[in-house]
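As structure tokens, the structure follows; a few thoughts come after it.
Excluded from the calculations below are hydrogen atoms, water molecules and symmetry mates; all remaining heavy atoms, backbone and side chain alike, are included.
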Amino acid sequence: MVNTVSRIVFISLGFMAVTLSGCSQYVKKTDYDAAISELRANDQKQQQQIDALTQEMQQKFAKYDAQIAEMGGRVRVDAIAHFAFNDATLRDEDKPLLDDFAKVMRNHYPDALVTVEGFTDPAGSAAYNLRLGTRRANAVKDYLVGTGGLSADKVRTVSYGKAVKRQVQRGKSHDEGMDNRRATLVVDFAGTPAAAAPAP
């Protein structure tokens, strides 16, 4: 009988402990509202930074044949480099735009995350083109880091190879496929503008 009573008391205490610990997770409505307000303010601030970055790049890159677009909290710079057929060598004519991009990011958005996307034309196998797209993206990254002074851990690469839905001129290769053999840049997070960063 003592063992049965002990078990009942032990189970009751355990149940109370679980119930009380569940109550410790309760959030007051005022705390919840404050957290939501802070998230909205942060989201609005980040959107303002992305808008500012988009506007600055549109002004800076107006002289180049690059398209700047804002999409879902990201800034995309299309067609920043083109490549010869079956090659991943960065062309001299593409370097000035990369220099300007690196300067804007380095001077104003040093915490930004940049993704370099590599593409190919449809000639060749999917596996080969994924590797070639990676080499092209890495060529741009190496330039942005080595010459442009961007931090290597802030520049990532991805290859889309010959992905049909990402081809500019669908099905075109060799002499007609230059628009498909490209790299683009995506700023995934604008970061804190350098001018607004607090002094150490």
Check the pair D99, T147 against side chain to side chain contact (heavy atoms under 4.5 Å, CB included), reporting the backbone distance first and the verdict last.
CA-CA 8 Å; D99 292 335; T147 303; 4.1 Å; yes
Using a strict cut-off of less than 4.0 Å between a Lys/Arg side-chain nitrogen and an Asp/Glu carboxylate oxygen, indicate whether R156 and D188 qualify as a salt bridge.
yes
Say whether, by atom type as modelled, one donor and one acceptor occur between the side chain of D121 and the main chain of K172 under 3.5 angstrom.
no
Taking it one step at a time, do F101 and V114 satisfy side chain to side chain contact (heavy atoms under 4.5 Å, CB included)?
CA-CA 11 Å; F101 175 85; V114 176; 4.0 Å; yes
Could you go through the side-chain hydrogen bond (donor to acceptor under 3.5 Å, both in side chains) check for T120 and N129 one step at a time?
CA-CA 6 Å; T120 68; N129 280 306; 3.0 Å; yes
Rounded to the nearest 0.5 Å, what's the gap from CG on L144 to OG on S151? Could you check?
12.0 Å
Quick check for you: to the nearest 0.5 Å, what is the distance between L150 atom CG and L113 atom CG?
11.5 Å
Can you confirm whether the side chains of Y143 and N138 place a donor and an acceptor under 3.5 Å from each other?
no
Report yes or no: do V168 and I80 belong to one cluster of Ile/Leu/Val/Met/Phe/Trp/Tyr joined by side chain heavy-atom distances under 4.5 Å?
no
Does R181 use its side chain to pair, donor to acceptor, with the backbone of F83 at less than 3.5 Å?
yes
Can any side-chain N or O of K162 pair as donor or acceptor with the backbone N or O of A123 at less than 3.5 Å?
no
Can you check whether D87's main-chain N or O pairs, donor with acceptor, with R136's side chain at less than 3.5 Å?
yes
Basic-acidic side-chain contact under 4.0 Å: D94, R91:
yes
Apply side chain to side chain contact (heavy atoms under 4.5 Å, CB included) to the pair H82 and R182, showing each step before the final yes or no.
CA-CA 4 Å; H82 288 93; R182 70 198 190 282; 3.9 Å; yes
Once you round to the nearest 0.5 Å, how far does CG of D78 lie from CZ of F119?
8.0 Å
Could you check M105 against V187 for side chain to side chain contact (heavy atoms under 4.5 Å, CB included), going step by step and ending with a plain yes or no?
CA-CA 9 Å; M105 301 310 294; V187 181; 3.9 Å; yes
Between the side chain of K141 and the main-chain N/O of V155, is any donor-acceptor distance below 3.5 Å?
yes
